[in-house]
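Computed from a prediction, not measured in an experiment: that's the story for all the values here. Naming: A, B, ... by sequence-line order, numbering from 1 per chain.
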Amino acid sequence: MFDILIVGSGGAGLSAALEAKKQGAKVAVICQSAPTNAATCMAQGGFNGVIYDDEGDSPSLHVKDTMTSSSSLAIEKNVKDMCEGAKEDIFWLEDIGMPFSRKKDRIAQRKFGAASKDRTAYSQDYTGLKLLHTLYDNCLKEGIAFLDNSFVLELIVEEGTCKGVVLLDIQSGEIKAFESKSVVLATGGYAGIYHGFSTNGIESTGDGLALALKSSAILSDMEFVQFHPTSLKSSSVLVSESARGAGGFLLNQKGERFVEELMTRDEVSRAVFSQMKKNNSVFLDIRHLGSEFINKNLPQEKKLINIHEHIDPSEQLIPISPAAHYSMGGVDVDEDLQTNVQGLFAVGECSNVKVHGANRLGGNSLLEIVHFGRKVAKTSYMYAQKTSLHVELKSYEKKVKKEIDKLLQNEKSDTFFALREELGKELFEKAGIYRDEEGLKSLIHNIENIEARYNKLTISDTNMSYNTWLVSHLKFGNSLSVAKALSLCAIQREESRGAHYRDDFQKPANEALHSYVQMQNSALHVRFLK
Amino acid sequence: MKIDIQGTLYEIPHIEITLLNALVYIRENINPSLKFGYNCKSGVCGSCAVRVNFQETLSCQYKVQDGDKIEPLLRHENVAGLLVDYKKAKQNLQKIQTWLHVRSEKVMGEACEELIEKQSDCILCSSCFSACPVLDVKQSFLGPFALTRAWRYVADVREEEKKSFIEKMQNDGIWDCTLCGECTVACPMGIDPKSDILHLRTKSMQAGFFDPTPQPSFEDDFGFNPNF
């Protein structure tokens with residue numbers, strides 16, 4: 001019996017695990033493959049926080065910038081909690097070995113979009129990689145239990161209370177159920193459902209949100225997806241905002257600048273996309289930063305630009321286009337990271353603790369995952385200590401195994417892959433940077449059509465050990481649930497706010513409301529509330 | 001063009017793509033049971049390392065060529081398709097405790113941070129472990145990435161407990177490396193584990209340890225006697 005079962009091994013999950021162990025909780029981390037494969041390793045730019053008192057910055061300024069970017073959809077109390085806690089979080093990381101880049105003896109900080117001061121701490125442009133590995137090394141130190149190569153199929157929820165999980169052991173192919181006094185979803189974001197048009201890894205398609213939906217948890221603000229303005233045109237690989245923070249320009253093929261480069265990501269993405277709609281090509285110009293600066297501060301980007309675009313960014317322009325990058329929406333949680341389902345918590349990009357609102361600031365995501373990761377360990381353990389339960393694990397294992405067995409049929413079958421391409425394209429075109437009612441209606445209809453075709457598919461690889469086809473197939477099913485929730489909320493939000501832009505409703509409404517979506521009687525219901 | 005994956009030939013379009021995209025193409029159009037590691041597509045998650053023409057490489061960072069021969073990493077258990085089990089290799093991290101033991105009072109400045117910058121670029125792809133020939137004769141050898149990551153912490157000015165840390169690498173560790181440099185060639189991040197191992201040897205000797213391998217001497221003709 002666990003006190004806390006953490007689903008996901010990224011920055012949020014591992015921060016939670018370390019704090020949970022420190023509290024004395026019996027904790028384990030479930031991850032789909034290996035812990036350091038998590039999406040956190042892809043974050044390039046940095047970790048926001050006001051560290052030093054003598055640089056003219058303050059947590060209240062950080063709060064102000066964050067609230068402004070959120071277009072009134074962030075909750076100031078939660079933003080304050082995060083921004084005021086940032087210094088302690090950064091020094092916690094420093095004390096456990098995080099190799100932040102330095103400026104003399106201080107942790108260096110750089111400027112990011114829509115930030116009034118330079119407050120983004122970083123590790124060259126490998127901030128996420130080094131953060132994840134620092135946390136992982138400490139998890140090894142503390143002897144944190146890991147359940148690797150495990151894909152969660154279902155949450156065990158009885159009488160409105162979450163009591164554990166049922167998972168697929170990918171190595172052996174066995175279905176296993178585990179009981180736990182609390183479950184923390186830390187499964188990451190869903191920008192990857194824009195397959196082919198996303199900076200995300202192939203696996204970042206919101207599995208945790210689908211699990212939550214199936215268990216009657218509420219998701220909020222699903223329609224808010226952040227598009228990063230600069231991804232490499234040919235591969236959607238991310239080019240960090242730090243390139244613009246360091247002074248890079250955005251130019252069209254005529255060499256014209258057309259936007260203030262460090263506005264919020266939604267504003268810059270719209271400007272870039274508008275250029276593309278006029279059949280202009282857009283480029284990022286960092287030649288003037290010089291090769292010494294690029295080699296020292298943007299080594300990863302230089303390498304990726306070389307591999308994917310075959311150019312040297314210190315000499316040539318970099319072709320870019322926007323791509324789905326981050327999901328502000330997620331499993332709705334209160335300030336204690338508790339969902340509406342007892343015993344179920346959510347943290348990190350899969351959750352919506354309302355600190356980003358309609359548009360996230362660069363550098364606030366790594367801060368969020370560490371800050372609230374550490375917090376959820378405390379709140380979930382407090383809950384766990386007051387809880388006792390017992391679950392008939394075998395009955396869940398049997399039930400889920402039956403469902404999986406139905407999918408595995410020896411006769412030849414079509415695969416879901418073409419449907420995944422189709423969904424990605426539909427989402428980028430109709431729930432992308434510019435949206436309207438007609439497009440969203442068509443999108444909702446097409447998603448239902450794709451789902452009907454998906455439900456007819458079976459899997460002819462019946463070997464249960466390392467059945468990657470089965471896992472990817474199930475993940476796509478989850479993507480469909482997430483895509484549906486996103487589209488239903490997007491069509492009903494008849495305004496433009498932050499990352500959600502409606503061609504047919506170009507102004508924000510008078511009141512800033514949140515969207516809430518929940519599965520009720522096998523159908524998704526959407527409400528808008530304050 | 002044709003590529004050979006563990007003995008099976010696959011026909012793929014003759015365009016410029018990464019090996020990962022080629023594997024994805026094959027999986028989505030020819031063989032959905034083709035198994036390979038992937039996630040980030042950008043060389044940081046460490047999940048897609050394979051051998052191409054006997055050389056370790058990340059499939060997402062390599063442009064595939066006609067006639068390429070693709071195999072899983074060596075010296076790991078090949079569990080399915082191109083997938084391998086990393087557990088045995090990664091257990092070495094716990095054996096020599098690659099983490100910050102005791103936080104010293106020292107402040108890390110620019111030069112100190114640069115000292116460990118390269119070594120902390122390690123993505124745990126296990127390419128170096130696959131390339132290391134010592135593992136063929138000594139399964140218990142700690143391997144390149146564990147030692148690089150150990151150096152990363154030994155050299156960290158914030159680590160107080162250097163001596164007891166260094167003690168852990170004396171057996172099955174730094175003295176078993178042949179300095180062949182295969183790990184350095186294999187590393188996609190440009191890390192030089194051989195050099196890190198040499199640094200650890202220097203630090204070890206400074207701490208009073210020495211190479212436990214029996215050294216040749218006058219008594220046994222320096223280990224060379226053609227008349228034996």
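- Looking at B:Gln61, the atoms closer than 4.5 Å to chain A (heavy atoms on both sides) sit in the backbone and in the side chain alike.
- Atoms NZ and OG, from A:Lys303 and B:Ser42 in turn, are 9.5 Å apart once rounded to the nearest 0.5 Å.
- Both the backbone and the side chain of B:Val79 come within less than 4.5 Å of a heavy atom in chain A.
- Remark: A:Asp461 CG to B:Ser33 OG distance equals 3.5 Å, nearest 0.5 Å.
- Your options are B:Val107, B:Leu124, B:Leu34, and the one with the most heavy-atom pairs under 4.5 Å with chain A is B:Leu124.
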Could you walk me through whether B:Lys63 and A:His308 satisfy the side-chain contact (heavy atoms from CB on, under 4.5 Å) test, starting with their C-alpha distance in whole Å, then the side-chain angles of each, then the deciding distance to 0.1 Å, before giving a yes or no?
CA-CA 9 Å; B:Lys63 287 290 162 75; A:His308 292 281; 5.6 Å; no
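- Within the 4.5 angstrom heavy-atom criterion, only side-chain atoms of A:Glu421, from C-beta onward, approach chain B.
- Of the listed residues (B:Glu159, B:Lys90, B:Lys87, B:Arg152), the one with the most heavy-atom contacts under 4.5 Å to chain A is B:Arg152.
- Looking at B:Leu83, the atoms closer than 4.5 Å to chain A (heavy atoms on both sides) all sit in the side chain, from C-beta outward.
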Yes or no on side-chain hydrogen bond (donor to acceptor under 3.5 Å, both in side chains) for B:Lys35 and A:Thr468, after CA distance, side-chain angles and deciding distance?
CA-CA 7 Å; B:Lys35 294 165 213 254; A:Thr468 53; 4.8 Å; no
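- Distance check: A:Lys103 NZ to B:Glu110 CD gives 9.0 Å after rounding to the nearest 0.5 Å.
- In this structure, B:Asn39 CG and A:Gln32 CD are separated by 8.0 Å, a value rounded to the nearest 0.5 Å.
- Residue B:Tyr86: no heavy atom, backbone or side chain, is found under 4.5 Å from chain A.
- Minimum heavy-atom separation, A:Lys141 to B:His101: NZ-O, 3.1 Å.
- Of the listed residues (A:Thr40, A:Ile202, A:Leu129, A:Leu470), the one with the most heavy-atom contacts under 4.5 Å to chain B is A:Ile202.
- In this structure, B:Tyr25 OH and A:Phe417 CZ are separated by 13.5 Å, a value rounded to the nearest 0.5 Å.
- When heavy atoms are compared at a cutoff of 4.5 Å, B:Glu114 approaches chain A solely by way of its side chain, counted from C-beta outward.
- Contact record, B:Ser47 with A:Asn37: CB-ND2, 3.5 Å, taken as the closest heavy-atom pair.
- Minimum interatomic distance between A:Tyr126 and B:Met189 (heavy atoms only, all atoms of both residues): OH-CE, 3.5 Å.
- Within the 4.5 angstrom heavy-atom criterion, atoms from both the backbone and the side chain of B:Arg27 approach chain A.
- A:His310 touches chain B through its side chain: at least one heavy atom from C-beta onward sits under 4.5 Å away, while N, CA, C and O do not.
- Only the backbone of A:Ser465 has a heavy atom closer than 4.5 Å to any heavy atom of chain B.
- For B:Cys112, no part lies near chain A; criterion is any non-hydrogen pair under 4.5 Å.
- With a 4.5 Å cut-off on non-hydrogen atoms, B:Ile123 touches chain A through its backbone and its side chain both.
- Put simply, of A:Leu304, A:Ile107, A:Leu140, A:Asp148, the one with the most heavy-atom pairs under 4.5 Å next to chain B is A:Leu140.
- The most heavy-atom pairs under 4.5 Å with chain B, out of A:Ala418, A:Cys41, A:Ala38, come from A:Cys41.
- Counting heavy atoms from C-beta outward, B:Val44 and A:Gln300 have side chains that approach closer than 4.5 Å.
- Residue with the most contacts toward chain A among B:Gly46, B:Ala80, B:Ser120: B:Ser120 (heavy-atom pairs, distance under 4.5 Å).
- Nearest heavy atom pair, residue B:Gly109 against residue A:Asp105, reads CA-OD1, 3.5 Å.
- In this structure the side chain of B:Trp99 never reaches within 4.5 angstrom of the side chain of A:Thr134, judged on heavy atoms.
- For a residue to count as touching a neighbouring chain, one of its non-hydrogen atoms must lie under 4.5 Å from one of that chain's; by this rule B:Asp85 touches chain A with the side chain only.
- Taking the charged nitrogens against the carboxylate oxygens, A:Lys130 and B:Asp121 do have a contact shorter than 4.0 Å, which makes a salt bridge.
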For B:Arg158 and A:Asp95: C-alpha separation, side-chain torsions, deciding distance, then whether salt bridge (Lys or Arg N to Asp or Glu O under 4.0 Å) applies.
CA-CA 8 Å; B:Arg158 300 166 298 183; A:Asp95 283 346; over 6 Å; no
